[in-house]
Structures are given as C-alpha cells and as structure tokens.
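Below is one structure; the comments refer to it alone.
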Amino acid sequence: MICNNLTVSPKGHLRFAGMDAAELLCRFGSPLYLMDEQRIRQNCQTYYNAMKAAFGEAALPLYASKAASFMEVYRIAESEGMGIDVVSCGEIHTAKKAGFPMENAYFHSNNKTDADIAFAMENGVGCFVADHPEEVLAIDAIAAEKGITQKILLRLTPGIDTHTYEAVNTGKVDSKFGSAIETGQAEEITKLALDCKNVRLAGFHCHVGSQVFDSDTFLRSAEIMLKFIAAIRETYGFLAEELDLGGGYGVRYLESDPEIDIAANIYEVAAFVKEQCKALNLPLPAIRMEPGRSIVADAGITLYTVGAVKTIPGYKNYVSVDGGMGDNPRYALYESPYTVVAAEKMNEPCSVLYDVVGRCCESGDVLQPAVSLPASMKRGDIIAVLTTGAYNYSMASNYNRIPRLPIVMIKDGDCRVVVRRETLDDIIGCDL
Ligand code: LLP
C-alpha cells in the first residue's frame, strides 16, 4: 500500500501501525483520526539526521506545525530535536503549553498584528520571519518597548513557479508572501532591517510551494537566495548567518504518486548549496528547512462509518459517511486526490465506482469522487481515507455545528487519545 504502516490482516481488515482499524473505530467511536507516532518520529529523524550530516551541526529542521497542531505533536517534535514553525497566537499558545522550548520557534505569517507580535515576544519566540517593511518596523518598535533585541529572518520570494496547484503556490513574484528579489523590494527590506536598532537580522527565508516533487525547484530557489546573500554582502557588508529554505516536499496520496527519498534530496540540495557557496565565496549558512506535510501526512488516516448508499440509475453511486468537509476540506478546496478503502473489505474486489461524500448540507461536501469500492457497500461499513495526517485536523471546522473528531495516537500497540472528541457543549462553548 501507499505507506508501509498500512497492511491487510488475513480476514481482510485494514491494519494501521499494527492495529486493526475496525477494532479501533469500535473502541474510540466514529469518525476518528488515527495517528502513528512511530511514523512521525521516523519522518522527523529522516530530516534531522540528513540535515545534520549533509549541512553540518548548525542545520536544523523546523516542523511546520500548520500541518497538524496539537500539544502532543509539539512534544514529539521536541523530543526528536526539531525546531518549529508557528503562524499564529493559537499555534504559539499550543506549543508553549506543551512545554516546547520557544527559542526554537520561528514565527511566520504574512500579516502579524501588533498584538500577535507582542504575544510572540512575551512567549519567548526565538525568531520572527518578517514578511514586509511595515512588519519589520512593527517588530522593531515593539521590541524597543519591551527592551529586547528580536532575532529576525526576512521572507523573500525568489520567483519560482512550482508545478503544484495554484492555491498552495507561494514562491512566485506576485505572491502575497514576502518581498520579491526581482523587484528590488528584497534589497529594500534588507536595508531597512539593518537600520533597525531592536532587530537582529540573522538571514533570509523562502518557501516555494507545497506538495512539490520536483527537486529542481529547491535547487533553483537555493541558488537565487545564495546569489542574493552574496550581493547583499557585496553592497552592505552584511553576511547572512542563516538561510531557511522552507518546506514543501510532496507525499503520496495515491499509489501512482512518486515516492520521494527525502534524505537523498537533502544530500542533493546540500551538495548544490555547498558548491554555490564555494563559487560565491560564501561561508555555508546555518540551513533551516520547514517540512510540514512530509512529517505527518503518512502518519495519519481517518475512519468513517457508512450511512446512506445510493444509486442513481444511469448516473452515479454515492456512499455517504459520518464526516466530510468538516474534518477534511482538501478535496472541496483543492480537488486533492486521496486513496479511499473499505476497511473491513480489503480482500473483496472493488468493482463499483462511488462518490464518497460527507454529511454536510452542501453538494461540494465530497471526500473523493469516483472511488472503486466493493459492490457490497452498505450502511455500517467502515471507510478509511489514507494519508490524512497533514492539513486535515488543522483545517477542520465546525461547519453545520458538527463536532470535531478526536485524534488517537498509536504507539507500539498502545493507543491514547491525544485530542478528545468535541462535545455538543464544546460547540456552544463560546455562545453567550
Ligand atoms: N513553511 C512555510 C512558510 C509554509 O508556508 C509552509 C506551508 C510550510 C513551511 C510547510 O509546507 P509543507 O512541507 O507542509 O508542504 N493547506 C494546504 C497546504 C498549505 C501549505 C501552506 N504553507 C494543503 O492542505 O495542501
């Protein structure tokens, strides 16, 4: 199957991280997110070990926690030696409450309010990734009020067009993120940051996109960034000590997706970066990478119970499940592909095409169209959607006032609830 933490038992049941999915659904209720702790750890270790070996001790992977943000995942990231990327007070608060050492947190976002900036400083966030000149000035002013010097990176847009879908494409010149190198704005913001007394410019950041399979994208953006660093040293005498290359490596949602060898890619990027540094006569900066999806995606699956099974003769068949766009909006938003299986019927032939849809009052509430499933699908069957560990829980909503799902973490044959199921009273918790 698409990941080696998925197998099929002799009686045709899906097993995830060594556990029978159907049994876990009985035990923890439906619908349900499952996560495989060992897999998260292995993914962290792949980045950590490869980055340290390829770029040297100063390198550090930052887990981009927008992919899945809850207290336990920050504890796991910390114990694997990772830094984190956070993008909001909510993520900062979650990480802090989980005991994450906030000096290893990098605060992103294209629009940090004064209140966000103050909150992040009060919580000891180590580095801000400043997006635009007004933000640099705001960070400088608030740091002055607090009597601190804030370490910052500047987010630049290298102008790379990745081959992913438009909505997650962030490295282009016309992006809402960062300051473009091509237009001269990157140089201007650098000059500004160097003049600010209460910020310490440590270097630069770029992020070219998400679900990227083409390693050339990372090489080209690294090249543009290093040339910029060399030009800035030439003009201003400022030598960047850090270069953050962002996240973006793709994962397998379908059997037909390629499998990326992350470690090999990191070695390739490192060889290229070192070669460029040599040619530009630059010391190797401390490299950061910010993987999100590739840390948690294949460490998660979602289980649902089938309700209505409908056939519209001559048109299509529907399988409706007890979740949907509230717990996984990615097909509705991006038409993202997923592998969908009948968790207790893994040995039955899949001979019928069904649209697997959710329970929200909206036609767009589709988890996946045209899925091959057994002809015997009926009420009470269990559906598993695979590779849901990234950007599912973190993008979940209470649309239609449907409570959010719990997350059950599996480790060495033990299961623990790390996010409990929302109750109906949670749903009205903010209502006055
Ligand atoms: N660093 C920055 C600055 C980012 O903006 C992102 C993702 C990452 C790192 C992590 O990228 P990853 O390794 O996860 O590809 N909601 C969309 C994905 C949006 C990604 C936004 N930024 C989805 O569900 O596909």
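Indexing begins at 1, ligand by ligand and atom by atom, following the structure's order.
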For P291, counting its heavy atoms only, list the atoms of ligand 1 lying under 4.0 Å from any of them. 13 (O)
SB check E241 R200 (cutoff 4.0 Å): yes
Report, in ascending order of atom number, the atoms of ligand 1 lying under 4.0 Å from any heavy atom of G248. 11 (O), 12 (P), 13 (O), 15 (O)
How does L333 reach ligand 1, if at all, at less than 4.0 Å between non-hydrogen atoms: by side chain, backbone, both, or neither? neither
From D327, D322, D381, N328, residue fulfilling side chain to side chain donor-acceptor pair (under 3.5 Å) relative to Y304: D327
Within 4.0 Å of some non-hydrogen atom of S210, the atoms of ligand 1 are 11 (O), 12 (P), 14 (O), 15 (O), 20 (C)
Under 3.5 Å: N/O of S294 near N/O of ligand 1: no
Testing the 3.5 Å rule here: is there a donor-acceptor pair between the side chains of E290 and Y106? no
When you check the gap from the basic side-chain N to the acidic O, do K66 and D85 get nearer than 4.0 Å? yes
Which of the numbered atoms in ligand 1 are under 4.0 angstrom from any heavy atom belonging to D85? 1 (N), 2 (C), 9 (C)
Using a 4.0 Å heavy-atom threshold (strictly under), name the region of A67 that reaches ligand 1: side chain, backbone, both or neither. neither
Distance-only N or O hit between ligand 1 and Y334, under 3.5 Å: yes
Quick check: do M377 and V306 have side-chain heavy atoms less than 4.5 Å from each other? yes
Which atoms of ligand 1 sit under 4.0 Å from any heavy atom of A64? 8 (C), 9 (C), 10 (C)
Can a salt bridge be assigned to the pair E242 and R288 using a cut-off of 4.0 Å between side-chain N and carboxylate O? yes
Subset of ligand 1 atoms that lie under 4.0 Å from at least one heavy atom of R155: 3 (C)
Answer with side chain, backbone, both or neither: which part of E290 has a heavy atom less than 4.0 angstrom from an atom of ligand 1? both
Euclidean distance, Q45 CD relative to I295 CD1, rounded to 0.5 Å: 10.0 Å
Side chain to side chain contact (heavy atoms under 4.5 Å, CB included) against E37, all qualifying residues, sequence neighbours excluded: R41, I76, M409, K411, R416
Any nitrogen or oxygen of H205, side chain or backbone, less than 3.5 Å from one on ligand 1? no
Check: of R330, Q211, M395, min heavy-atom distance to atom 25 (O) of ligand 1 comes from R330
With heavy atoms and a 4.0 Å threshold, my read on which part of F177 contacts ligand 1 is neither
F107: which residues meet the ring-ring contact (aromatic ring centres under 6.0 Å, His included) condition with it, sequence neighbours left out? F128
Tested for ring-ring contact (aromatic ring centres under 6.0 Å, His included) against F228, the lone hit among F238, F204, Y236 is F204
Between H108 and ligand 1, find which residue part has any heavy-atom pair under 4.0 Å and reply side chain, backbone, both or neither. side chain
